[in-house]
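Report on the structure given below.
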Amino acid sequence: MPELPEVETVKETLKHQISGLFITKVVVYYDKMMSQAVAQALSGQQILTMNRLGKYIIFNLTNLDLISHLRMEGRYFIKTDEPVLKHEHVVFHLSNGQTLRYHDTRKFGTFDLKTKDQTYTTPPLSKLGKEPFDLNPEDFYNRLKQSKKPIKTALLDQTIVSGIGNIYADEILFASHVQPLRRADKVTKKEATWMIERGKGILESAIEAGGTTIRTYVSSLGVTGRFQLTLMVHQRKDEQCYICGDQIQKVVVGGRSSFYCKTCQKR
DNA sequence: TTTGCCTCCTGCGGGC
DNA sequence: TGCCCGCAGGAGGCAA
Ligand SMILES: [Zn+2]
(Lines give C-alpha, C1' and ligand atoms only; values in the text may rest on other atoms or scores of the structure.)
Protein backbone atom coordinates (compact mmCIF):
# COMPACT_ATOMS: atom_id res chain seq x y z
CA MET A 1 0.00 0.00 0.00
CA PRO A 2 1.35 3.38 -0.91
CA GLU A 3 2.58 5.45 2.00
CA LEU A 4 4.02 8.97 2.08
CA PRO A 5 7.09 8.22 -0.11
CA GLU A 6 5.10 6.35 -2.77
CA VAL A 7 2.40 9.01 -2.82
CA GLU A 8 5.07 11.69 -3.16
CA THR A 9 6.46 9.85 -6.19
CA VAL A 10 3.02 9.56 -7.77
CA LYS A 11 2.32 13.25 -7.12
CA GLU A 12 5.64 14.34 -8.65
CA THR A 13 5.10 12.14 -11.69
CA LEU A 14 1.60 13.47 -12.31
CA LYS A 15 2.83 17.01 -11.77
CA HIS A 16 5.28 16.61 -14.64
CA GLN A 17 2.83 14.74 -16.85
CA ILE A 18 -0.40 16.72 -16.59
CA SER A 19 0.23 20.17 -15.09
CA GLY A 20 -1.23 22.90 -17.30
CA LEU A 21 -3.71 20.60 -19.05
CA PHE A 22 -7.46 21.12 -18.86
CA ILE A 23 -9.92 18.43 -17.84
CA THR A 24 -12.42 18.26 -20.70
CA LYS A 25 -14.60 15.45 -19.35
CA VAL A 26 -14.66 12.88 -16.57
CA VAL A 27 -16.27 9.48 -17.02
CA VAL A 28 -17.06 7.36 -13.97
CA TYR A 29 -17.34 3.56 -14.42
CA TYR A 30 -18.00 2.70 -10.78
CA ASP A 31 -20.63 4.97 -9.26
CA LYS A 32 -19.46 4.77 -5.66
CA MET A 33 -16.01 6.00 -6.67
CA MET A 34 -17.16 9.51 -7.63
CA SER A 35 -20.57 11.22 -7.88
CA GLN A 36 -21.87 12.59 -11.17
CA ALA A 37 -21.97 16.06 -9.60
CA VAL A 38 -18.25 15.90 -8.87
CA ALA A 39 -17.42 14.50 -12.29
CA GLN A 40 -19.35 17.32 -13.97
CA ALA A 41 -17.80 20.00 -11.78
CA LEU A 42 -14.34 18.85 -12.90
CA SER A 43 -15.07 19.57 -16.56
CA GLY A 44 -13.37 22.72 -17.74
CA GLN A 45 -10.99 22.94 -14.79
CA GLN A 46 -7.29 23.42 -15.48
CA ILE A 47 -4.74 21.34 -13.55
CA LEU A 48 -2.52 24.10 -12.17
CA THR A 49 -0.23 21.86 -10.15
CA MET A 50 -0.18 18.83 -7.87
CA ASN A 51 0.29 18.81 -4.11
CA ARG A 52 0.45 16.19 -1.38
CA LEU A 53 -0.38 16.09 2.31
CA GLY A 54 0.23 12.87 4.21
CA LYS A 55 -0.98 10.10 1.95
CA TYR A 56 -3.39 12.38 0.08
CA ILE A 57 -2.77 13.66 -3.43
CA ILE A 58 -4.26 17.06 -4.24
CA PHE A 59 -5.11 18.13 -7.79
CA ASN A 60 -4.82 21.91 -7.60
CA LEU A 61 -7.40 23.09 -10.14
CA THR A 62 -8.64 26.48 -11.40
CA ASN A 63 -11.03 27.08 -8.51
CA LEU A 64 -11.39 23.66 -6.92
CA ASP A 65 -9.13 21.08 -5.28
CA LEU A 66 -9.57 17.37 -5.92
CA ILE A 67 -8.30 15.25 -3.05
CA SER A 68 -7.36 11.67 -3.99
CA HIS A 69 -6.47 8.86 -1.61
CA LEU A 70 -5.08 5.65 -3.16
CA ARG A 71 -5.63 3.46 -0.09
CA MET A 72 -4.00 0.08 -0.80
CA GLU A 73 -4.31 -0.47 -4.52
CA GLY A 74 -5.00 2.86 -6.23
CA ARG A 75 -2.85 3.70 -9.27
CA TYR A 76 -2.86 6.27 -12.04
CA PHE A 77 -2.16 5.53 -15.68
CA ILE A 78 -1.79 7.99 -18.51
CA LYS A 79 -3.08 6.59 -21.80
CA THR A 80 -4.64 7.75 -25.04
CA ASP A 81 -7.62 5.89 -26.48
CA GLU A 82 -6.96 2.33 -25.34
CA PRO A 83 -10.01 0.36 -24.13
CA VAL A 84 -11.01 1.07 -20.54
CA LEU A 85 -9.95 -1.83 -18.34
CA LYS A 86 -11.98 -3.67 -15.71
CA HIS A 87 -10.41 -1.87 -12.79
CA GLU A 88 -10.21 1.61 -14.31
CA HIS A 89 -13.04 3.31 -12.41
CA VAL A 90 -12.56 6.96 -13.31
CA VAL A 91 -11.22 8.32 -16.61
CA PHE A 92 -10.19 11.99 -16.85
CA HIS A 93 -10.14 13.23 -20.44
CA LEU A 94 -7.46 15.88 -20.93
CA SER A 95 -7.04 18.77 -23.35
CA ASN A 96 -4.08 17.17 -25.16
CA GLY A 97 -6.07 14.08 -26.12
CA GLN A 98 -4.64 11.91 -23.37
CA THR A 99 -6.63 10.29 -20.58
CA LEU A 100 -5.71 9.90 -16.93
CA ARG A 101 -7.07 6.58 -15.64
CA TYR A 102 -7.70 5.86 -11.96
CA HIS A 103 -7.18 2.13 -11.46
CA ASP A 104 -8.12 0.39 -8.20
CA THR A 105 -8.73 -3.35 -7.84
CA ARG A 106 -10.12 -3.07 -4.31
CA LYS A 107 -12.19 0.07 -4.99
CA PHE A 108 -11.04 1.42 -1.64
CA GLY A 109 -9.64 4.70 -2.91
CA THR A 110 -11.51 7.97 -2.35
CA PHE A 111 -12.07 11.30 -4.07
CA ASP A 112 -13.15 14.52 -2.35
CA LEU A 113 -13.82 17.71 -4.25
CA LYS A 114 -13.41 20.95 -2.31
CA THR A 115 -13.63 24.66 -2.91
CA LYS A 116 -10.24 26.24 -2.25
CA ASP A 117 -11.23 27.65 1.14
CA GLN A 118 -12.40 24.23 2.35
CA THR A 119 -9.46 22.07 1.28
CA TYR A 120 -7.40 22.29 4.44
CA THR A 121 -10.10 23.42 6.87
CA THR A 122 -12.49 20.46 6.47
CA PRO A 123 -12.01 16.68 6.73
CA PRO A 124 -10.14 14.72 5.69
CA LEU A 125 -7.18 17.10 5.50
CA SER A 126 -8.16 19.21 8.51
CA LYS A 127 -7.80 16.18 10.76
CA LEU A 128 -4.26 15.31 9.73
CA GLY A 129 -1.38 15.64 12.16
CA LYS A 130 2.00 16.89 10.96
CA GLU A 131 4.25 14.76 8.79
CA PRO A 132 7.41 13.43 10.46
CA PHE A 133 9.39 16.10 8.58
CA ASP A 134 7.51 18.90 10.37
CA LEU A 135 6.85 17.25 13.69
CA ASN A 136 8.92 18.37 16.64
CA PRO A 137 10.08 15.25 18.61
CA GLU A 138 9.10 16.92 21.87
CA ASP A 139 5.56 17.60 20.60
CA PHE A 140 5.32 14.02 19.36
CA TYR A 141 6.44 12.72 22.74
CA ASN A 142 3.88 14.85 24.54
CA ARG A 143 1.15 13.62 22.23
CA LEU A 144 2.12 9.98 22.86
CA LYS A 145 1.94 10.68 26.61
CA GLN A 146 -1.80 11.26 26.19
CA SER A 147 -2.46 7.93 24.47
CA LYS A 148 -2.88 4.48 25.96
CA LYS A 149 -3.05 2.62 22.67
CA PRO A 150 -0.21 0.48 21.34
CA ILE A 151 2.57 2.55 19.77
CA LYS A 152 2.08 0.74 16.45
CA THR A 153 -1.55 1.91 16.39
CA ALA A 154 -0.49 5.43 17.36
CA LEU A 155 1.99 5.57 14.46
CA LEU A 156 -0.82 4.60 12.07
CA ASP A 157 -3.15 7.26 13.54
CA GLN A 158 -3.02 10.02 10.93
CA THR A 159 -4.19 12.63 13.46
CA ILE A 160 -1.03 12.05 15.52
CA VAL A 161 1.46 11.89 12.66
CA SER A 162 0.55 11.71 8.98
CA GLY A 163 1.99 9.72 6.10
CA ILE A 164 3.00 6.52 7.90
CA GLY A 165 1.38 3.22 6.92
CA ASN A 166 1.77 -0.38 8.02
CA ILE A 167 5.12 -1.00 6.30
CA TYR A 168 7.02 2.04 7.51
CA ALA A 169 5.46 1.86 10.97
CA ASP A 170 7.13 -1.54 11.44
CA GLU A 171 10.41 -0.24 10.02
CA ILE A 172 10.38 2.86 12.21
CA LEU A 173 9.72 0.79 15.34
CA PHE A 174 12.59 -1.53 14.46
CA ALA A 175 14.92 1.43 13.94
CA SER A 176 13.81 2.81 17.31
CA HIS A 177 14.14 -0.50 19.22
CA VAL A 178 10.51 -0.40 20.34
CA GLN A 179 8.04 -3.30 20.25
CA PRO A 180 4.77 -2.63 18.41
CA LEU A 181 2.58 -3.53 21.41
CA ARG A 182 4.20 -1.11 23.85
CA ARG A 183 1.72 1.44 25.13
CA ALA A 184 2.25 4.84 23.52
CA ASP A 185 2.41 6.61 26.87
CA LYS A 186 5.22 4.29 27.99
CA VAL A 187 7.52 5.32 25.15
CA THR A 188 10.48 7.38 26.41
CA LYS A 189 11.46 10.78 25.08
CA LYS A 190 14.62 9.27 23.62
CA GLU A 191 12.62 6.60 21.77
CA ALA A 192 10.06 9.15 20.55
CA THR A 193 12.91 11.26 19.21
CA TRP A 194 14.40 8.23 17.45
CA MET A 195 11.03 7.51 15.85
CA ILE A 196 10.85 11.00 14.36
CA GLU A 197 14.50 11.35 13.37
CA ARG A 198 14.96 7.82 12.03
CA GLY A 199 11.47 7.90 10.57
CA LYS A 200 12.42 10.94 8.52
CA GLY A 201 15.52 9.12 7.26
CA ILE A 202 13.53 6.03 6.29
CA LEU A 203 10.91 8.07 4.43
CA GLU A 204 13.54 10.25 2.71
CA SER A 205 15.45 7.19 1.50
CA ALA A 206 12.23 5.74 0.14
CA ILE A 207 11.37 8.97 -1.67
CA GLU A 208 14.86 9.00 -3.17
CA ALA A 209 14.50 5.38 -4.28
CA GLY A 210 11.19 6.29 -5.88
CA GLY A 211 12.80 9.07 -7.84
CA THR A 212 15.32 6.74 -9.42
CA THR A 213 12.76 4.20 -10.60
CA ILE A 214 10.07 6.64 -11.62
CA ARG A 215 10.54 6.29 -15.39
CA THR A 216 10.30 2.51 -15.38
CA TYR A 217 7.02 2.61 -13.53
CA VAL A 218 5.44 5.29 -15.67
CA SER A 219 6.16 3.37 -18.84
CA SER A 220 5.32 -0.13 -17.72
CA LEU A 221 3.13 -0.27 -14.66
CA GLY A 222 1.47 3.11 -14.48
CA VAL A 223 2.07 5.79 -11.92
CA THR A 224 2.08 3.64 -8.83
CA GLY A 225 5.07 5.08 -7.04
CA ARG A 226 5.93 1.63 -5.83
CA PHE A 227 9.44 0.35 -5.61
CA GLN A 228 11.41 -2.32 -3.86
CA LEU A 229 13.24 -1.16 -0.83
CA THR A 230 15.08 -3.37 1.61
CA LEU A 231 12.82 -3.85 4.59
CA MET A 232 14.32 -4.89 7.93
CA VAL A 233 11.25 -6.57 9.42
CA HIS A 234 8.00 -5.97 7.55
CA GLN A 235 6.60 -9.16 5.94
CA ARG A 236 9.67 -11.13 7.13
CA LYS A 237 8.01 -13.55 9.60
CA ASP A 238 10.35 -16.40 10.62
CA GLU A 239 13.20 -14.96 8.57
CA GLN A 240 16.48 -13.96 10.23
CA CYS A 241 16.97 -10.45 11.57
CA TYR A 242 19.68 -8.72 9.51
CA ILE A 243 21.20 -7.28 12.70
CA CYS A 244 21.16 -10.12 15.26
CA GLY A 245 20.03 -13.23 13.35
CA ASP A 246 17.02 -13.88 15.58
CA GLN A 247 13.71 -14.93 14.00
CA ILE A 248 11.34 -12.12 13.04
CA GLN A 249 8.04 -12.32 14.93
CA LYS A 250 4.54 -11.55 13.71
CA VAL A 251 1.80 -10.16 15.93
CA VAL A 252 -1.55 -8.57 15.15
CA VAL A 253 -1.87 -5.09 16.64
CA GLY A 254 -5.09 -3.17 16.16
CA GLY A 255 -6.04 -5.63 13.43
CA ARG A 256 -2.83 -4.94 11.50
CA SER A 257 -0.05 -7.43 10.86
CA SER A 258 3.05 -6.27 12.65
CA PHE A 259 6.57 -7.63 12.40
CA TYR A 260 9.43 -7.13 14.82
CA CYS A 261 12.62 -8.63 16.22
CA LYS A 262 12.23 -9.49 19.90
CA THR A 263 15.97 -9.18 20.42
CA CYS A 264 16.51 -5.81 18.74
CA GLN A 265 13.21 -4.49 20.06
CA LYS A 266 13.35 -5.66 23.66
CA ARG A 267 10.54 -3.50 25.04
C1' DT B 1 -13.00 11.33 25.35
C1' DT B 2 -10.75 7.71 23.78
C1' DT B 3 -10.45 3.20 22.07
C1' DG B 4 -11.48 -0.64 19.39
C1' DC B 5 -14.33 -3.22 16.30
C1' DC B 6 -16.72 -3.44 11.88
C1' DT B 7 -17.13 -2.27 7.05
C1' DC B 8 -15.86 -1.61 2.24
C1' DC B 9 -13.96 -4.94 -1.99
C1' DT B 10 -11.64 -8.46 -4.51
C1' DG B 11 -7.46 -11.25 -5.65
C1' DC B 12 -5.06 -14.77 -3.81
C1' DG B 13 -3.66 -18.88 -1.38
C1' DG B 14 -4.73 -22.95 1.36
C1' DG B 15 -7.37 -27.02 1.89
C1' DC B 16 -9.84 -30.83 0.03
C1' DT C 1 -8.21 -29.43 -11.65
C1' DG C 2 -11.49 -26.66 -9.54
C1' DC C 3 -14.25 -24.87 -5.95
C1' DC C 4 -14.98 -22.69 -1.48
C1' DC C 5 -13.50 -20.08 2.27
C1' DG C 6 -10.96 -16.78 4.81
C1' DC C 7 -7.77 -13.17 4.87
C1' DA C 8 -5.56 -8.47 4.12
C1' DG C 9 -5.83 -3.54 4.60
C1' DG C 10 -6.69 2.88 5.44
C1' DA C 11 -9.79 5.35 7.34
C1' DG C 12 -14.65 6.48 8.48
C1' DG C 13 -18.56 5.26 11.38
C1' DC C 14 -20.31 3.62 15.36
C1' DA C 15 -20.62 1.48 19.94
C1' DA C 16 -18.88 0.91 24.53
ZN1 LIG D 1 17.34 -8.44 15.67
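Just so you know, these numbers use all the heavy atoms, side chains as well, and skip hydrogens, waters and symmetry mates. Predicted model, so just to flag it, every value in this text is computed and none were measured. Reminder, nothing fancy here: chain letters follow the sequence lines and each chain counts from 1.
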Check every strand shown and say whether [X] touches a base, only sugar-phosphate, or nothing at a heavy-atom separation below 4.0 Å.
X: A:N166; answer: sugar-phosphate
X: A:S147; answer: sugar-phosphate
X: A:P124; answer: sugar-phosphate

Atom [atom1] of [X] and atom [atom2] of [N]: how far apart are they, to the nearest Å?
X: A:M72; N: C:dG9; atom1: CE; atom2: C1'; value: 4 Å
X: A:F108; N: B:dC8; atom1: CZ; atom2: C1'; value: 4 Å
X: A:E6; N: C:dG9; atom1: CD; atom2: P; value: 15 Å
X: A:H103; N: B:dC9; atom1: NE2; atom2: P; value: 17 Å
X: A:H69; N: B:dC8; atom1: NE2; atom2: C1'; value: 14 Å
X: A:D104; N: B:dC8; atom1: CG; atom2: C1'; value: 11 Å
X: A:L144; N: B:dT2; atom1: CG; atom2: C1'; value: 15 Å
X: A:L70; N: C:dA11; atom1: CG; atom2: P; value: 11 Å

Hydrogens and angles aside, do A:N96 and A:Q98 bring a side-chain donor and acceptor to less than 3.5 Å of each other?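 Note: A:N96 and A:Q98 side chains meet the donor-acceptor criterion.
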So, A:N166 versus A:K152: side-chain donor-acceptor pair below 3.5 Å or not?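 Judged by distance alone, the side chains do pair up.
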Nearest to the side chain of [X], heavy atoms from C-beta on, is which of [options]?
X: A:K32; options: C:dA11, B:dC8, C:dG12; value: B:dC8
X: A:K149; options: C:dG12, B:dG4, C:dA11; value: B:dG4
X: A:Q235; options: C:dG12, C:dG9, B:dC9; value: C:dG9
X: A:S257; options: C:dA11, B:dT10, C:dA8; value: C:dA8
X: A:R256; options: C:dA11, B:dT3, C:dA8; value: C:dA11
X: A:K250; options: B:dG4, C:dA8, C:dG12; value: C:dA8

Once you apply the 3.5 Å cut-off to both distances, tell me the Watson-Crick or G-U wobble partner of C:dA8, or none.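 B:dT10 is the nucleotide pairing with C:dA8.
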Please tell me which of A:T105 and A:K148 maps to the more 5' nucleotide of DNA chain B, matching each residue to the nucleotide holding its nearest heavy atom.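 Whichever sits nearer the 5' end wins; that is A:K148.
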Starting from the C-alpha separation in whole Å, work towards a yes-or-no answer on side-chain contact (heavy atoms from CB on, under 4.5 Å) for A:L113 and A:D65. CA-CA 6 Å; A:L113 188 62; A:D65 287 324; over 6 Å; no
Would one find a side-chain N or O of A:H87 under 4.0 angstrom from OP1 or OP2 of B:dG11?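 Answer is yes, contact under 4.0 Å.
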Could you state whether A:L48 and A:L61 fall into the same hydrophobic cluster, counting links through intermediate Ile, Leu, Val, Met, Phe, Trp or Tyr residues with side-chain heavy atoms under 4.5 angstrom apart?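 They do not share one cluster, since no chain of ILVMFWY contacts under 4.5 Å joins A:L48 to A:L61.
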Closer than 4.0 angstrom, basic N to acidic O: yes or no for A:D157 and A:K149?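 Yes, this pair counts.
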